[in-house]
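Order of listing sets the numbers, starting from 1, for every ligand and every atom in it. On a predicted model such as this, the values are computed, not experimentally measured, just so you know.
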Amino acid sequence: MSLVVMKFGGTSVEDPAAIGRTVDIVAGRVALGKQPVVVVSAMAKVTDQLLRAAAASSQGDRTGALAISSRLRSRHRDTAADLVKNAADCAELVNFIDQKFDSLDEVLRGLSAILELTPRISDLIVSYGERISSRIVATAFRERGIDAAHVDAREVIITDSQFQKAAPLDDMIEKRAAEKLRPLIAQGKVPVMGGFIASNEAGITTTLGRGGSDFTGALVGGALSSESIEIWTDVDGIMTADPRVCPDALRVKVISFEEAAELAYFGAKVLHPATILPAVKKNIPVLVLNSRNAACEGTRITSLAPRCKSPFKSIAVKKKLSIIDVVASRMLMTHGYMKEIFTIFDKHHCPVDMVSTSEVSVSLTVDSNDNLPAIAADLSQLADVKYEGRKALICMVGDDIRGQSGMAAQVFSAIKHINVRMISQGASEINMSFMIDEDDADEAVRSLHAAFFKDPDPAIFDVEARKQ
Ligand code: ADP
Ligand code: ASP
Ligand code: MG
């Protein structure tokens, strides 16, 4: 039987109506003779609220933290009561929810006494979101006659111990998937597990980083060598730009692994940046689909996408970046100088997105983070340092940008009213990116979209939608 991993994001499980749609979609796959394995996120905004509760209690605001927890408890209880009509099943589920919130409250109380939020405790606190949502969804499936089995994702997704951004241990995951998921599948059950959450080899809870449920879906698909990995979200697929910024964005019907990875890395939130890796390893197609519009065919991400007549497929934006200018008093290209600079970023575990050099200066862009003053202090041992926040990176992704003449001229003339701080082109055949002020980002995306998606290739883009 063909196995399909179906991941549903926060908006696809945000309330009883959304969970109802999710149940319909999975029931539809079962009716087609498919064997689904389901991965769900926490209900929409729950992770943010759990993080807020953690921050409040670690700052001594115990009452505020417990109030957030209490509101979340009611939301989950109400959802369970609305979805599960069978009295015994409902009582069991509500009891489970109460137990989890009781233990969360204990952690929050402890934190308000200790007043220190470590990454490890943060992961424990946010894990409640997916632990509870997956249990609710599994019960809702059973209520509708789908033979679902809840699985604690932390017993399957094993990672290293980098809390808040843990790296998966593929061999362990494959072994655990064989032990915990395969027997359920063999019995014809539908395993349901939370995304994002995992544990290290000692069984301590970790997470895969924000938006990490997509990654869980792909890891499970990879471990089980599934036929496809479906990412169900709240938009029709990967679009030519974020539809929240650019309302006339078009659905991209098909895109390559490489292009999708580039878009995800450079800020297209619709996919977690690591999602593509497990799929590429086993050449499993990834489909991005809309749980609010299940009839739409979505975006298919595969190893080879057909050639596209339009120069670009999509525009991504990564905000909250900083630019660091390092100006040396000696020649930059002195042997070993770049190494010294990068050693400092490495020491602070700070990845660099973009680099540009002149004779005596280097500019680098990084995610804005609390370490910047410390990084700048270390760099100032080598050179003069300036850094500036509130920057955004715009990344244009297309088939063969490097091979097309005049492309840079067209891009920059479309945004000639916007000041460009840094440019990167040629490092990859499929990506052209540049840095601007964050406040200009949305306007830049709209101008670029208007310039490059006037006459889109109908083989690649859903131009029909524009006509309607
Ligand atoms: P989920 O909770 O289902 O994981 P996310 O909020 O993480 O959903 O991702 C979906 C959102 O990604 C969309 O609502 C959209 O605003 C945003 N997005 C950003 N760039 C794109 C893009 N190029 N195509 C589609 N959606 C995008
Ligand atoms: N719930 C997690 C988050 O909000 C993971 C996810 O939704 O993918 O980041
Ligand atoms: Mg997401």
Peer 1: Can Arg292 and Glu14 be counted as an ion pair, charged N to O under 4.0 angstrom?
Peer 2: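 Counted as a salt bridge, because a side-chain N and a carboxylate O are separated by less than 4.0 Å.
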Peer 1: Can you see which heavy atom on Val445 is nearest to which on Ala241, and at what distance?
Peer 2: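 In this case the closest contact between Val445 and Ala241 is CG1-CB, 3.9 Å.
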Peer 1: Flag the pair Lys269 and Asp242 as a salt bridge only when some basic side-chain nitrogen lies within less than 4.0 angstrom of an acidic carboxylate oxygen.
Peer 2: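 Here Lys269 does not pair with Asp242 in a salt bridge, since their nearest N and O are not under 4.0 Å apart.
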Peer 1: Looking at Phe196 versus Phe215, is the centre-to-centre ring distance below 6.0 Å?
Peer 2: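 No - the distance between ring centres of Phe196 and Phe215 does not fall below the 6.0 Å cut-off.
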Peer 1: Check Lys282, Arg182, Lys180 against Glu174 for a salt bridge (charged side-chain N to carboxylate O under 4.0 Å, His left out) and give me the one that passes.
Peer 2: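 In the set Lys282, Arg182, Lys180, the residue that makes a salt bridge (charged side-chain N to carboxylate O under 4.0 Å, His left out) with Glu174 is Lys282.
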Peer 1: Ignoring hydrogens, what is the shortest heavy-atom contact between Ser112 and Arg62? Give both atom names and the distance.
Peer 2: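 Smallest interatomic distance, heavy atoms only, reads OG-CD, 3.1 Å.
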Peer 1: Taking the six-membered ring of Phe461 as reference, does the NZ or CZ atom of Lys313 fall below 6.0 Å from its centre and within a 45° cone about the axis?
Peer 2: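 Judged by the rule, Lys313 and Phe461 form no cation-pi pair.
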Peer 1: Please state whether the rings of His150 and Phe96 are parallel, tilted or perpendicular, taking 30° and 60° as the class boundaries.
Peer 2: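 Perpendicular, since the angle between the ring planes exceeds 60°.
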Peer 1: Can you give me a line-by-line list of nitrogen or oxygen pairs between ligand 2 and the protein shorter than 3.5 Å?
Peer 2:
from, atom 1, to, atom 2, distance (Å)
ligand 2, 1 (N), Thr47, OG1, 2.7
ligand 2, 1 (N), Glu130, OE2, 2.7
ligand 2, 4 (O), Thr47, OG1, 3.3
ligand 2, 4 (O), Arg210, NH2, 2.9
ligand 2, 7 (O), Ser41, OG, 3.2
ligand 2, 8 (O), Gly211, O, 3.4
ligand 2, 8 (O), Gly212, N, 3.4
ligand 2, 8 (O), Ser213, N, 3.0
ligand 2, 8 (O), Ser213, OG, 3.2
ligand 2, 9 (O), Arg210, NE, 2.6
ligand 2, 9 (O), Arg210, NH2, 3.4
ligand 2, 9 (O), Gly211, N, 2.8

Peer 1: Got the residues with a heavy atom under 4.0 Å of ligand 1, by chain and number?
Peer 2: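 Lining ligand 1 at under 4.0 Å, by heavy atoms, one finds Lys7, Gly9, Gly10, Trp232, Thr233, Asp234, Val235, Gly237, Ile238, Met239, Ala241, Asp242, Pro243, Arg244, Ala268, Lys269, Val270, Ser314.
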Peer 1: With a 3.5 Å distance limit and no angle check, can you tell me whether Asp123 reaches the backbone of Thr206 through a side-chain donor-acceptor pair?
Peer 2: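 Pair absent, no side-chain N/O of Asp123 close to backbone of Thr206.
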